[in-house]
Visitor: 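Handing you a structure now.
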Amino acid sequence: MAVPVRVRFAPSPTGKVHAGNIHTAIFDYLLARHTGGTFILRIEDTDVERKEAGAVEHMMEALKWLGLDWDEGPGVGGPYAPYFQSQRLPLYKEAAEKLVAQGNAYYCYCSSERLEAMRKEQEARKQPSGYDRLCRNLTAEERTAKQAQGIKTVIRFKVPLEGQTRFHDLIYGDVVFDHKNIDDFVMLKSDGYPTYHLANVVDDTAMKITHVIRGEEWISSTPRHLLMYQAFGYTPPQYIHMPMIVGANRAKLSKRRGAISILEYRDMGYLPEALFNFLVLIGWSLDDKTEIMTRQQMIENFSLERMGRTAAAFNQEKLDWMNGVYIRNLTVADLTNSVLPFLEKYLPPEVKRPLDVNYIRQIVPLLRERINTLKDAAAYADFFFVDKLEYEATMLIGKKMTAETALTVLKGSEEKLSSLKSFNRDLLEDTLRHLADDLGLKAGQLFNVLRVATTARDAAPPLFETMEVLGKERCLERIKVAISKLSNN
RNA sequence: GCCCCCAUCGUCUAGUGGCCUAGGACAGCGGCCUUUCAAGCCGUAAACAUGGAUUCGAAUUCCGUUGGGGGCACCA
């Protein structure tokens, strides 16, 4: 087993957590569990403007739903608390000021208007964009004058004008950036909050993070972080940038381009184990064929060497299939529990609530092989619950059938079935096959009529099992309704 | 515009110089099973972006091209 690792999942509470976010959380979790290390949750709530109420709770709920239990962080505490950056402000201020004192950073008095104008001009002239370093070399007098005016300030990092920073990413390998392409970025904002860059370096150091796992979009900021580590005299962590999950258009997942929140997958009836398994397979593989794995297998076999580098699209059709596999592997008792809330929610309103769990337990085996999501169950099995079936009489008349023969089938069935003392699948099959013989019909022809009569659809679970669950009384009643439907035509 | 990353079937991927006439999975198509629908099983179609170089030999190494993506905020 590898050296125990300390990793953190550090979301910013600016919206609902989507597959991309959770994808990195999963790999944090896997690496931590694989090495017997520590998985930390840290909330990066340093953007006062974009902060959203309830986002932290939403995120924690999503993590819990997927079984991504964290060892340190909100709710569980830990030796490096607090785990909300908004509660650690003095640390960042102190750190930033330290770099100013050391000569690695400086106060900047530029207004946002000036910066915006500067950027516009750079863009117009097709110049590389970035801060022009106006305040980098202010004299002591100039600084005093600005301060006297009470101008709001930020602290910027003084990026070396020459040289380069290189690092070895555990997935992407060696990456090099020239300092001349990096501008003097803001570390501390004028509202006293740190930027991501500063807060990350300070907290990852304070929390003894050994491996930083984050999306590939962060690669180009990594040199800034490394430069800060150097200025502070801290040892940087290992970097593991992960390939991104992209949308159907191959672009980065974003809320406004329809990224689905993780909890929506729960509400659509996906099982957490299935979604977890599916997400793990994006960017990682166990071998050339294994796809369905237990959590334990994934943890035991996890290895960074088997991670890919290419952005991947989220293929919901495959998720559907995988979810179906997981559903079929569930016991009747477990699937009953899982599907119950979905039936409660999506069955037609006229169906009496609460539902009878014992009845559902009888239905579940008939459903299990036929649904891919828990939500599918309600639409698929509604005929087990409603009193009145809605369908056109013509549905009763199958191919190569006439209304007359359908009617004969129904009447014959009514007669035979009403005299049955027990209503179980074997007896039903036996009885109805004989009836078909007697009527000179193929068994399938007869079954099709009864299927429609009892379920109002031509694709349904096996007929006799269905009829057994529905019970004698309801079946006969439905057959009578079918007879009258045909007679009225 | 500048910087960085990536590039195998439609999609997720295996592949780390010869085992590749490129393997698996989803979706597609065909068939078997079968009372319908599923599930299951069998089969089929489908890819190494491109040009060079290295090598006895390249999907695998190197360079260029093309394409895609990401970054360039007092957002993360």
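Treat the numbers as computed from the prediction; the structure is a model and nothing was measured. Just so we're on the same page: letters track the sequence lines, and every chain starts at 1.
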Visitor: Using whole Å, report how far CZ of A/Arg309 lies from P of B/C4.
Guide: 19 Å

Visitor: Tell me whether A/Lys98 at atom NZ has more than 12 heavy atoms from other residues, nucleotides or ligands lying less than 6.0 Å away.
Guide: yes

Visitor: Could you tell me the Watson-Crick or G-U partner of B/A7, where both distances fall under 3.5 Å? Say none if there is no partner.
Guide: B/U66

Visitor: Just jot down the side chain to side chain donor-acceptor pair (under 3.5 Å) partners of A/Arg114, sequence neighbours excluded, or say none.
Guide: A/Asp132

Visitor: Could you check which nucleotide pairs with B/G18 in any of the strands shown, counting Watson-Crick or G-U wobble with both distances under 3.5 Å?
Guide: B/C56

Visitor: Do the side chains of A/Arg119 and A/Glu123 get close enough for a salt bridge, i.e. N-O under 4.0 angstrom?
Guide: no

Visitor: Check A/Asp28 with A/Arg8, please: is the shortest side-chain N to carboxylate O separation under 4.0 Å?
Guide: no

Visitor: Looking only at atom C1', what distance separates B/G28 and B/U65, rounded to whole Å?
Guide: 34 Å

Visitor: For A/Ser86, enumerate each residue passing the side chain to side chain donor-acceptor pair (under 3.5 Å) test, keeping only those at least two apart in sequence or located in another chain.
Guide: A/Asp45

Visitor: Which base, if any, makes a Watson-Crick or G-U wobble pair with B/U44, both distances under 3.5 Å?
Guide: B/G28

Visitor: Determine which pairs satisfy salt bridge (Lys or Arg N to Asp or Glu O under 4.0 Å) with at least one residue from residues 219-229 of chain A, sequence neighbours left out, and list them in order.
Guide: A/Asp183-A/Arg224

Visitor: Taking B/G69 as the reference, what is the distance to B/G57 when you measure between their C1' atoms (whole Å, please)?
Guide: 34 Å

Visitor: Decide, yes or no, whether a salt bridge links A/Arg88 with A/Asp203 under the criterion of side-chain N to carboxylate O below 4.0 Å.
Guide: yes

Visitor: Going 5' to 3' through nucleotides 61-76 of chain B, assign each nucleotide B (protein heavy atom under 4.0 Å from a base atom), S (under 4.0 Å only from sugar-phosphate atoms) or - (no protein heavy atom that close).
Guide: --------SSSBSBBB

Visitor: Scan for salt bridge (Lys or Arg N to Asp or Glu O under 4.0 Å) pairs involving residues 301-312 of chain A, sequence neighbours excluded, and state none if there are none.
Guide: none

Visitor: With a 4.0 Å cut-off, would you call A/Glu369 and A/Arg328 a salt bridge?
Guide: no

Visitor: For atom NZ of A/Lys93, is the number of surrounding heavy atoms from other residues, nucleotides or ligands below 6.0 Å larger than 12?
Guide: no

Visitor: Could you state the atom-to-atom distance from CG of A/Leu286 to P of B/A25 in whole Å?
Guide: 15 Å

Visitor: Please state the C1' separation for the pair B/U55 and B/G71 - nearest whole angstrom.
Guide: 38 Å

Visitor: Any N/O pairs under 3.5 Å between the protein and nucleotides 16-23 of chain B? List them or say none.
Guide:
residue : atom : partner  : partner atom : Å
B/G23   : N2   : A/Asp288 : O            : 3.2

Visitor: Among all residues two or more places apart in sequence or in another chain, which pass the side chain to side chain donor-acceptor pair (under 3.5 Å) test with A/Glu429?
Guide: A/Arg433

Visitor: Take the protein atom CE of A/Met322 and the nucleotide atom C1' of B/U11, then report the distance between them rounded to whole Å.
Guide: 13 Å

Visitor: If the C1' atom of B/A59 is compared with that of B/A49, how far apart are they to the nearest Å?
Guide: 12 Å

Visitor: On a whole-Å scale, what distance lies between the P atoms belonging to B/G18 and B/A76?
Guide: 47 Å

Visitor: List in numerical order all residues of residues 312-320 of chain A for which some heavy atom is under 4.0 Å away from an atom belonging to RNA chain B.
Guide: A/Ala312, A/Ala313, A/Asn315, A/Glu317, A/Lys318

Visitor: Can you tell me the base-pairing partner of B/G1? Count Watson-Crick or G-U wobble geometry only, both distances below 3.5 Å, and say none if there is no partner.
Guide: B/C72

Visitor: Residues in salt bridge (charged side-chain N to carboxylate O under 4.0 Å, His left out) with A/Lys120, at least two apart?
Guide: A/Glu116

Visitor: Quick one: A/Trp321 CH2 to B/U11 P, roughly how many Å, whole number?
Guide: 18 Å

Visitor: Taking NZ, NE, NH1 and NH2 as the nitrogens, is one of them in A/Glu121 or A/Arg125 under 4.0 Å from a carboxylate oxygen of the other?
Guide: yes

Visitor: Could you state the CD1-C1' distance from A/Ile292 to B/A25, rounded to the nearest angstrom?
Guide: 9 Å

Visitor: What residues form a side chain to side chain donor-acceptor pair (under 3.5 Å) with A/Thr431, not counting sequence neighbours?
Guide: none

Visitor: Filter on salt bridge (Lys or Arg N to Asp or Glu O under 4.0 Å), then keep only pairs touching residues 278-295 of chain A, sequence neighbours left out; what's left?
Guide: A/Glu291-A/Lys318

Visitor: Whole angstroms only, please: what is the CG-C1' distance between A/Leu226 and B/C4?
Guide: 15 Å

Visitor: Indicate for each nucleotide in nucleotides 31-39 of chain B, in 5' to 3' sequence, whether protein heavy atoms under 4.0 Å reach the base (B), only the sugar-phosphate (S), or nothing (-).
Guide: ----BBBBS

Visitor: Taking any heavy-atom pair under 4.0 Å as a contact, classify A/Gly283: base, sugar-phosphate, or nothing.
Guide: sugar-phosphate

Visitor: Looking at every strand, decide which applies to A/Arg306 at a 4.0 Å heavy-atom threshold: base, sugar-phosphate, or nothing.
Guide: sugar-phosphate

Visitor: Can you tell me, in whole Å, how much space there is between the C1' of B/G15 and that of B/C74?
Guide: 47 Å

Visitor: Write down the distance separating the C1' atoms in B/C2 and B/G24, rounded off to the nearest Å.
Guide: 42 Å

Visitor: Expressed in whole Å, how much space separates the P atoms belonging to B/U8 and B/U50?
Guide: 11 Å

Visitor: What is the separation between atom CZ on A/Phe185 and atom C1' on B/C3, rounded to the nearest whole Å?
Guide: 16 Å

